[in-house]
Amino acid sequence: MIRLGLCCMFRDQPIKFVTTTATSIGKMQRTDALAKLSRLCLQNADALLAALKFCAHNGIGCFRVNSQILPIKTHPTCGYSVGDLPDGDEIIRRFKECGTFVKKQKLRACFHPDQFVVLNSQKPEVVESSIRELEYQAEVAEWIEADVVNIHGGGAYGDKTKALADFVHNLDRLSSRVRKRLTVENDDKVFTPDDLLPICEATGIPLVYDVHHHRCLPDSLSVEEATTKALATWDREPLFHISSPLESWQGPKPERHHDFIDVSDFPWCWRKKRITVEVEAKAKEVAIEKLARELMET
């Protein structure tokens, strides 16, 4: 069966996640700042449980958690450990309650770190910040029973072979908590499935196959071939991405996402697979409802 996944937020549901800025926190006394951050983390834990309950009650099998679920957690000057927060123990307890719900309801949770996470960057400080971010998200992933922390391959920097070698080299700097959840996704600008599959096969890191990106940046593989090869990289339920272009495939920027999914963009070769498909559409839960209905009708 296909499990459809919701990405980070809702269009119509009154479930909101909160954040803040380093500028705002930096103007506060540290004690006051930590108190505020603690409140925000508690609010987000409660919002996550509400999101998971909505998914469970509406046939949505997966929820992608926002990277700022613990706001500015890894910021170089305003960051913190959960133990620094006045409600640290309660924050962890509430997130673990989310994990209990995920497990009981047989849901799936995952993370997709922001674009500033570049494991093969040529700048050491970017690599260091990327590792901090991955470690933080894997820590929360452990609390909530999430099994995927998904990243892109990074930049090519004029030499794809070296760039991918740098990516592999920096994997050794990650904890086992990150490595057991880490996945890599083909993108629409640099690395295709054909580029990443050898890395996946060599390291055991699964490929999150994004069919929209593959159509924007094609390689020697067909969608069917890429699907088969990507499936073989997984030791758990595979996770793929689907989206549709905002202005059609012939439009000026087909990489831009539509509010909804055109059901004809959903690969036929996925239809009878036991996979998770994250729906990257701006209409969020409304787009998933529409896609689920149309998949049943076609």
Side-chain angles (χ1 to χ4, degrees), residues 2-13 15-17 19 51 60 62-68 110-121 130 133 148-157 160 163 183-196 207-224 226-227 230 239-270 275-295 298:
I2 294 169
R3 182 201 304 263
L4 296 180
L6 173 62
C7 297
C8 301
M9 63 183 70
F10 297 82
R11 194 192 77 171
D12 293 349
Q13 291 302 308
I15 301 171
K16 306 292 183 185
F17 296 91
T19 190
I60 298 172
C62 179
F63 186 73
R64 180 193 293 176
V65 181
N66 190 301
S67 294
Q68 289 296 311
C110 61
F111 285 82
H112 192 358
D114 296 327
Q115 60 188 9
F116 64 79
V117 173
V118 183
L119 206 53
N120 71 344
S121 174
S130 298
E133 188 71 11
V148 168
V149 177
N150 179 48
I151 61 174
H152 288 191
Y157 308 111
K160 274 190 178 183
T183 62
V184 65
E185 174 191 347
N186 60 296
D187 62 79
D188 57 5
K189 295 289 190 295
V190 182
F191 293 118
T192 69
D194 221 2
D195 293 324
L196 295 176
L207 178 69
V208 171
Y209 176 46
D210 188 311
V211 68
H212 184 108
H213 288 167
H214 193 201
R215 287 164 172 157
C216 291
L217 184 66
D219 54 18
S220 66
L221 300 175
S222 67
V223 168
E224 293 76 14
T227 295
L239 187 149
F240 292 169
H241 289 176
I242 185 75
S243 44
S244 289
L246 179 61
E247 301 168 299
S248 87
W249 290 108
Q250 288 71 47
K253 293 184 177 181
E255 67 274 10
R256 293 194 295 180
H257 292 179
H258 200 285
D259 285 4
F260 295 94
I261 304 297
D262 184 332
V263 72
S264 67
D265 288 331
F266 199 97
W268 276 100
C269 61
W270 291 10
I275 57 176
T276 298
V277 180
E278 286 193 297
V279 177
E280 296 188 324
K282 293 178 181 178
K284 300 300 181 178
E285 78 278 16
V286 182
I288 292 177
E289 180 184 5
K290 178 175 180 290
L291 176 61
R293 183 175 63 252
E294 292 178 349
L295 284 173
T298 57

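On a predicted model such as this, the values are computed, not experimentally measured, just so you know. Just so you know, these numbers use all the heavy atoms, side chains as well, and skip hydrogens, waters and symmetry mates.
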Applying the side chain to side chain contact (heavy atoms under 4.5 Å, CB included) criterion to Leu291, which one of Asp262, Asp265, Val277, Val279 satisfies it? Val279
Full working for side chain to side chain contact (heavy atoms under 4.5 Å, CB included) between His212 and Ile242: CA-CA 6 Å; His212 184 108; Ile242 185 75; over 6 Å; no
What I'd like to find out is whether the side chain of Leu119 reaches to under 4.5 Å of the side chain of Ile151, using heavy atoms alone. yes
Could you pull out all residues at least two apart from Glu280 that satisfy salt bridge (Lys or Arg N to Asp or Glu O under 4.0 Å)? Arg64
By side chain to side chain donor-acceptor pair (under 3.5 Å), which residues pair with Asp188, not counting sequence neighbours? none
Applying side chain to side chain contact (heavy atoms under 4.5 Å, CB included) to Phe191 and Asn186, what does each step give before you reach the verdict? CA-CA 6 Å; Phe191 293 118; Asn186 60 296; 5.8 Å; no
Do Asp210 and Asp187 have side chains that approach each other closer than 4.5 Å (heavy atoms only, starting at C-beta)? no
So Arg11 and Glu285, do their side chains get closer than 4.5 Å, heavy atoms only? yes
Working to the nearest 0.5 angstrom, can you tell me the gap between Phe260 CZ and Leu246 CG? 12.5 Å
List in chain and number order the residues that pass side chain to side chain donor-acceptor pair (under 3.5 Å) with Asn150, two or more places apart in sequence or in another chain; answer none if no residue qualifies. Thr183, Glu185
Indicate the ring-plane relationship of Phe266 and Trp270, choosing parallel, tilted or perpendicular according to the 30° and 60° boundaries. perpendicular
In short, Val190 meets Gly155 closest at the heavy-atom pair CG1-C, 4.2 Å
Please check if the side chain of Ser244 supplies one atom and the backbone of His258 the other of a donor-acceptor pair under 3.5 Å. no
Can you list every pair that meets salt bridge (charged side-chain N to carboxylate O under 4.0 Å, His left out) and has a residue in residues 248-257, with sequence neighbours left out? Glu247-Arg256
Tell me the closest heavy-atom pair linking Ala156 and Ala163, and the distance in Å. O-CB, 3.5 Å
Please report the shortest heavy-atom distance between Tyr157 and Ser121, naming the atom on each side. OH-CA, 3.4 Å
Mind checking salt bridge (Lys or Arg N to Asp or Glu O under 4.0 Å) for Lys160 and listing every partner two or more places apart, or none if nothing turns up? Asp195
Sequence neighbours excluded and cut-off under 3.5 Å, please list the side-chain donor-acceptor pairs for residues 2-10, or say none.
{"residue": "Arg3", "atom": "NE", "partner": "Glu237", "partner atom": "OE2", "Å": "2.9"}
{"residue": "Arg3", "atom": "NE", "partner": "Thr276", "partner atom": "OG1", "Å": "3.3"}
{"residue": "Arg3", "atom": "NH1", "partner": "Gly61", "partner atom": "O", "Å": "3.1"}
{"residue": "Arg3", "atom": "NH1", "partner": "Lys106", "partner atom": "O", "Å": "2.9"}
{"residue": "Arg3", "atom": "NH2", "partner": "Glu237", "partner atom": "OE1", "Å": "3.1"}

Within this structure, what is the CH2-OG distance for the pair Trp249 and Ser264, rounded to the nearest 0.5 Å? 9.5 Å
Using the ring of each side chain (for Trp, its six-membered ring), is His112 parallel, tilted or perpendicular to His152, with breaks at 30° and 60°? tilted
What's the spacing between Ile288 CD1 and Leu295 CG if we round to 0.5 Å? 11.5 Å
How would you list, by chain and number, every residue that makes a side chain to side chain donor-acceptor pair (under 3.5 Å) with His257, sequence neighbours excluded? Ser243
Side chain to side chain contact (heavy atoms under 4.5 Å, CB included) between Ser67 and Glu133: does it pass, once the steps are laid out? CA-CA 9 Å; Ser67 294; Glu133 188 71 11; 4.3 Å; yes
Nearest 0.5 angstrom please: Leu207 CG to Phe240 CZ, how far? 7.5 Å
State whether the number of non-hydrogen atoms from other residues, nucleotides or ligands found under 6.0 Å of Gln68 atom CD is greater than 12. yes
Side chain to side chain donor-acceptor pair (under 3.5 Å) filter on Glu294, not counting sequence neighbours, yields Lys290
For the residue pair Asn120 and Gly154, what are the closest heavy atoms and their distance? OD1-CA, 3.4 Å
side-chain contact (heavy atoms from CB on, under 4.5 Å) filter on Asp194, not counting sequence neighbours, yields Thr192, Asp219, Ser220, Leu221
Could you go through the side chain to side chain contact (heavy atoms under 4.5 Å, CB included) check for Cys62 and Cys110 one step at a time? CA-CA 8 Å; Cys62 179; Cys110 61; 3.9 Å; yes
Sequence neighbours excluded, which residues qualify as ring-ring contact (aromatic ring centres under 6.0 Å, His included) partners of His214? Tyr209
I'd like to check the side-chain contact (heavy atoms from CB on, under 4.5 Å) partners of Ser248; sequence neighbours left out, ordered by chain and number. Gln250
Go through the structure and list residues passing side-chain contact (heavy atoms from CB on, under 4.5 Å) with Thr298, not counting sequence neighbours. Val263, Arg271
